[in-house]
Novice: 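My structure is below; once you've seen it, I'll send some questions.
Naming: A, B, ... by sequence-line order, numbering from 1 per chain.
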Amino acid sequence: MTFLSDLRWRGLVHQTTDDAGLEIWLEDKPRIVYAGFDPTADSLHVGHMLGLVVLRRFQKAGHKPIAVVGGATGMIGDPTGKSDERNLLSKEDLEKNVVGIAEQMRSFLDFDAGDCSAELVNNLDWTAQWTYLDFLRDVGKNFPVNVMLAKDSVKSRLGRGDDSSPGDGMSYTEFSYMLLQAFDFVHLYDKFGCEIQAGGSDQWGNITAGIDLARRMRSVQLVGMTWPLLTKGDGAKMGKTESGAVWLSAERTSPYQFYQYWFNADDVDVGDCLRMLTELDQEEISSLDDVRQSNAGQRDSQRRLAEELTKLVHGEEGLQSAERATQIFFGAEIADLNDKQLGQIFADVPAKEISRSRLSDGSLTVVDALVEAGLAKSKGDARRTVQQGGAYVNNRRIEEIDTALTEKNLASESVMVLRSGKKKYALLRFK
RNA sequence: GGGGGGUUACCGAAGCGGUCAAACGGGUCAGACUGUAAAUCUGAUGGCUCUGCCUUCGCAGGUUCGAAUCCUGCACCCCCCA
């Protein structure tokens, strides 16, 4: 099975500029491929993963990947798919973001692999040097405005201008975005011999713009391919939760939350995710498909997906801590842990400090503790929770209302884990 | 300006002198079931030093042994006639 046919099987190929010849072209010799990433935050999120795994697959197949962070284009704002003019990022923010993103890419790409080492470049480095006049003369000259106007990304913003389709308009700045990205491709061709650009399906217009530009400026035929946008069965974007994006940085989204996000994937989505995002082979993926068909409740697919992706992003250690946290959050009794481990597992859980003396004088009952920790809004509420069997200390159910908590109830040196119901946790730290 | 109706716990809505901490529905919380799904079922849902006590039914007074329920005034809302 060739590299491209595997990509196709995985559903990662949406459009290419050369459907017939691409397979042979890629098998012929190692190629240099690039994909761009918008540095809108100091961390990548799940929405970026598809691009990263595509580059990773190219690299594993022996090609050389170049990740371009859009330091320049990020300052302009890609109009694609946006209904509003975008806020421009400051130079300082961009620099900070680029640093953060670069670090995360290391878990996807090998930057020390000889001829096919990954490269990380910032398009600001070659864009910033242009003077306005030079750019207009050398690059702008090659862009027929009528062609630009025909691109979907522009058309949708301009509308037809009548009442039913007013369009919000776009600034000259955003209109120029396409030129910058197009020139990136030419530059990467010059500098690295990069011949193929990959991107999300929404990038098709920008990619072909680059190919056109290279033909005019360098008389070469470059190649483009897009992957489909990864959406959920209900049409929503992958990687969004009620509380916001799912990030790749452990600070923004803990490995546990990351793991849980994938573990909770819908049955209808999990197959696509396995194929597109993981590196499991076709045989394993189809056997997971079978299990899902016959015994969905087993959720092997979700478990494998969560394992693979957490390991990819957060490493073996991150996966272990996510799995440990999962066991604990879903009921395993808490024992033999220290403050530090608990702090990691319950990083997202509210905590309250309490005087240690209350443990020794027996003045702290379960009911008091639930109220102190904010798990009950009154003592009556707490009492009810206990009576109805919903109160836990270190995941052990407490049945008696007047149970007093002592040093023996500490889960670690100074922390006690309270829980109300199935999932609501709070920590008490005794100082 | 005149006439009528309303204001109840998180929300909607019963109650119209004692048995009212207040029906019922929704929500929320807990439990069971379950696939860490959906649905369903059960219980709880003012506070507390909890077989009892305290504070609630727009606000302030009053009648009564006793008021969410009756009376007076005030505030806000709705409707009808000018």
Side-chain angles (χ1 to χ4, degrees), chain A residues 46 231-236 238-243 246 253-274 287-310 314 318-334 345-350 358 361-405 417-426:
Chain A
V46 162
T231 53
K232 295 201 273 195
D234 59 11
M238 219 29 158
K240 294 271 184 233
T241 65
E242 313 80 53
S243 47
V246 180
T253 300
S254 69
Y256 166 73
Q257 288 173 312
F258 185 84
Y259 179 94
Q260 285 294 318
Y261 178 76
W262 298 109
F263 194 91
N264 284 313
D266 282 356
D267 292 347
V268 288
D269 299 324
V270 71
D272 282 346
C273 289
L274 282 168
S287 85
L288 286 170
D289 287 343
D290 290 344
V291 173
R292 202 164 61 251
Q293 282 292 317
S294 56
N295 189 0
Q298 216 167 309
R299 303 218 296 164
D300 285 353
S301 296
Q302 280 89 342
R303 187 170 297 107
R304 285 296 283 138
L305 178 67
E307 278 170 14
E308 285 299 304
L309 297 183
T310 307
H314 294 292
L319 173 60
Q320 274 174 25
S321 86
E323 284 177 331
R324 191 167 52 218
T326 295
Q327 280 170 11
I328 285 176
F329 272 107
F330 289 89
E333 202 165 304
I334 301 168
I345 293 168
F346 293 100
D348 316 306
V349 157
R358 300 194 56 187
D361 63 16
S363 70
L364 188 73
T365 65
V366 217
V367 169
D368 296 328
L370 286 169
V371 174
E372 292 277 6
L375 291 177
K377 58 179 190 287
S378 70
K379 288 192 182 181
D381 190 22
R383 200 170 280 119
R384 258 175 255 129
T385 304
V386 178
Q387 281 166 341
Q388 293 177 137
Y392 298 79
V393 173
N394 304 327
N395 275 345
R396 180 185 294 189
R397 182 179 274 179
I398 302 291
E399 318 257 2
E400 292 300 320
I401 290 187
D402 44 13
T403 306
L405 299 176
V417 182
L418 296 178
R419 178 178 133 211
S420 155
K422 287 190 190 13
K423 286 188 193 167
K424 256 172 32 200
Y425 282 87

Novice: Of all the choices, B:rU36, B:rC48, B:rG31, which nucleotide is nearest to the side chain of A:Tyr392 once you look at every atom?
Specialist: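 The answer is B:rG31.
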
Novice: Assign the ring pair A:Phe329 / A:Tyr256 to parallel, tilted or perpendicular, where the plane angle (0 to 90°) is split at 30° and 60°.
Specialist: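 Judged by the thresholds at 30° and 60°, the geometry between A:Phe329 and A:Tyr256 is parallel.
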
Novice: Select one nucleotide: of B:rG31, B:rC48, B:rA30, the one nearest the side-chain heavy atoms of A:Lys379.
Specialist: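 Closest nucleotide to the A:Lys379 side chain: B:rC48.
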
Novice: Could you work out which one of B:rG31, B:rU36, B:rG35 sits closest to the side chain of A:Gln260?
Specialist: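 Selected nucleotide (nearest to the side chain): B:rU36.
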
Novice: Taking atom CD of A:Gln387 as the centre, report whether more than 12 heavy atoms of other residues, nucleotides or ligands fall under 6.0 Å from it.
Specialist: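 Check passes, neighbour count above 12.
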
Novice: How far, in whole Å, is B:rU36 from B:rU45 if one measures between their C1' atoms?
Specialist: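 After rounding to an integer number of Å, I get 26 Å for this pair.
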
Novice: Could you tell me whether the side chains of A:Ser378 and A:Asp381 share a donor-acceptor contact shorter than 3.5 Å?
Specialist: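 Checked: A:Ser378/A:Asp381 side chains show no N/O donor-acceptor pair below 3.5 Å.
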
Novice: Do A:Glu307 and A:Arg303 sit within salt-bridge range, that is, some charged N less than 4.0 Å from a carboxylate O?
Specialist: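 Looking at A:Glu307 and A:Arg303, the cut-off is not met.
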
Novice: Can you check the A:Asp381 CG to B:rA21 P distance for me, whole Å?
Specialist: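 Distance check: A:Asp381 CG to B:rA21 P gives 22 Å.
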
Novice: Without decimals, in angstroms, what is the distance between A:Phe330 CZ and B:rG35 C1'?
Specialist: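 Checked: the CZ to C1' distance equals 12 Å.
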
Novice: A:Lys424 has a side chain; which of B:rG35, B:rG31, B:rC29 sits nearest to it?
Specialist: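 Among B:rG35, B:rG31, B:rC29, the one nearest the side chain of A:Lys424 is B:rC29.
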
Novice: Rounded to the nearest angstrom, tell me the gap between atom CG in A:Leu375 and atom C1' in B:rC29.
Specialist: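 To the nearest whole Å, that distance equals 12 Å.
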
Novice: Judged by each residue's nearest nucleotide on RNA chain B, which is more toward the 5′ side, A:Ala391 or A:Gln298?
Specialist: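 Mapping each residue to its closest nucleotide by heavy atoms, the 5'-most match is A:Ala391.
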
Novice: For A:Trp262 and B:rA37, give me the distance from atom CH2 to atom C1', rounded to whole Å.
Specialist: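 After rounding, the gap between these two atoms is 18 Å.
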
Novice: Does A:Thr326 reach a base, just sugar-phosphate, or nothing at all? Heavy atoms under 4.0 Å.
Specialist: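 Base, at least one base atom sits under 4.0 Å.
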
Novice: Using the P atoms only, state how far B:rU55 lies from B:rG61, rounded to an integer number of Å.
Specialist: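 To the nearest whole Å, 15 Å.
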
Novice: In whole angstrom, give me the gap between the C1' atoms of B:rC11 and B:rC16.
Specialist: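 23 Å, rounded to whole Å.
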
Novice: Using Watson-Crick or G-U wobble geometry with both distances below 3.5 Å, tell me the partner of B:rG66, or none.
Specialist: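 Paired with no nucleotide.
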
Novice: May I have the distance from A:Leu305 (atom CG) to B:rA37 (atom P), rounded to whole angstrom?
Specialist: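 Answer to the nearest Å: 17 Å.
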
Novice: What I want to find out is whether A:Arg358 reaches A:Glu372 closely enough, with some N-O distance under 4.0 Å, to be called a salt bridge.
Specialist: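 Judged by the 4.0 Å cut-off on N to carboxylate O distance, A:Arg358 and A:Glu372 do form a salt bridge.
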
Novice: Determine the contact category for A:Gly297: base if any of its heavy atoms lies under 4.0 Å from a base atom, sugar-phosphate if only primed atoms, P, OP1 or OP2 are that close, otherwise nothing.
Specialist: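 Base contact - A:Gly297 has a heavy atom under 4.0 Å of at least one base atom.
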
Novice: Considering only NZ, NE, NH1 and NH2 on the basic side and carboxylate oxygens on the acidic side, decide whether A:Asp300 and A:Arg292 come within less than 4.0 Å.
Specialist: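 A salt bridge is absent here (no side-chain N lies under 4.0 Å from a carboxylate O).
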
Novice: With rounding to the closest Å, how many angstrom separate the P atoms on B:rG17 and B:rA82?
Specialist: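 The same atom, P, in both gives a distance of 36 Å.
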
Novice: In whole angstrom, give the distance that lies between atom CZ of A:Arg384 and atom P of B:rU42.
Specialist: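 For the pair A:Arg384 CZ and B:rU42 P, the rounded distance is 20 Å.
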
Novice: May I ask you to verify whether the side chain of A:Asn295 and the base of B:rG35 hold a donor-acceptor pair under 3.5 Å?
Specialist: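 By the distance-only test, no, there is no pair.
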
Novice: Is the ring centre of A:Phe263 under 5.5 Å from the base ring centre of B:rU36, and are the two planes under 30° apart, so that they stack?
Specialist: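 One would call A:Phe263 stacked on the B:rU36 base.
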
Novice: Counting only Watson-Crick or G-U wobble pairs whose two distances fall under 3.5 Å, which nucleotide matches B:rC24?
Specialist: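 Check on B:rC24: paired to B:rG12, both distances under 3.5 Å.
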
Novice: Taking the side chain from A:Gln257 and the backbone from A:Ser254, do they hold a donor-acceptor pair closer than 3.5 Å?
Specialist: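 A pair under 3.5 Å: yes.
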
Novice: So which nucleotide does B:rA38 pair with, by the Watson-Crick or G-U wobble rule with both distances under 3.5 Å?
Specialist: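 Here B:rA38 is not engaged in any pair, so there is no nucleotide opposite it.
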
Novice: Taking the same atom, C1', in B:rA13 and in B:rG66, what whole-Å distance lies between them?
Specialist: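 Their C1' atoms lie roughly 27 Å apart.
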
Novice: If B:rG1 has a Watson-Crick or G-U wobble mate with both distances under 3.5 Å, name it; if not, just say none.
Specialist: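 Per the H-bond distance test, B:rC81.
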
Novice: Considering every strand shown, what is the Watson-Crick or G-U wobble mate of B:rG43 when both distances are under 3.5 Å?
Specialist: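 B:rC29 is the nucleotide pairing with B:rG43.
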
Novice: Please report the distance, rounded to the nearest Å, between CD in A:Gln387 and P in B:rC29.
Specialist: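 Value for this atom pair: 19 Å.
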
Novice: In whole angstroms, how far is the P atom of B:rG46 from the NZ atom of A:Lys377?
Specialist: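 It is 9 Å, rounded to the nearest whole Å.
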
Novice: Please determine if a side-chain N or O atom of A:Ser378 lies less than 4.0 Å away from the OP1 or OP2 oxygen of B:rG47.
Specialist: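 A:Ser378 to B:rG47 OP1/OP2: side-chain N or O found under 4.0 Å.
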
Novice: For the side chain of A:Tyr259, starting at C-beta, report the closest nucleotide among B:rA32, B:rU36, B:rG35.
Specialist: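 Among B:rA32, B:rU36, B:rG35, the one nearest the side chain of A:Tyr259 is B:rU36.
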
Novice: Mind checking whether A:Phe263 and A:Tyr259 have parallel, tilted or perpendicular rings, split at 30° and 60°?
Specialist: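 Ring orientation of A:Phe263 relative to A:Tyr259: parallel.
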
Novice: If you measure from the C1' atom in B:rG62 to the same atom in B:rC78, how many Å do you get, rounded?
Specialist: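 28 Å, rounded to whole Å.
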
Novice: Say we look at B:rG46 and B:rA23: how far apart would their P atoms be, to the nearest angstrom?
Specialist: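 My reading of the P atoms in B:rG46 and B:rA23 gives 9 Å.
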
Novice: Of the options B:rG31, B:rA37, B:rG43, whose atoms approach the side-chain atoms of A:Gln388 most closely?
Specialist: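 Of the candidates, B:rG43 comes closest.
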
Novice: Taking the P atom in each of B:rU63 and B:rA14, what is the distance between them to the nearest angstrom?
Specialist: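 B:rU63 and B:rA14 have their P atoms separated by 31 Å.
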
Novice: B:rG73 pairs with which nucleotide, Watson-Crick or G-U wobble, both distances below 3.5 Å?
Specialist: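 Matched B:rG73 with B:rC59 under the 3.5 Å cut-off.
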
Novice: Determine the contact category for A:Arg292: base if any of its heavy atoms lies under 4.0 Å from a base atom, sugar-phosphate if only primed atoms, P, OP1 or OP2 are that close, otherwise nothing.
Specialist: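 Here A:Arg292 touches no strand at all.
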
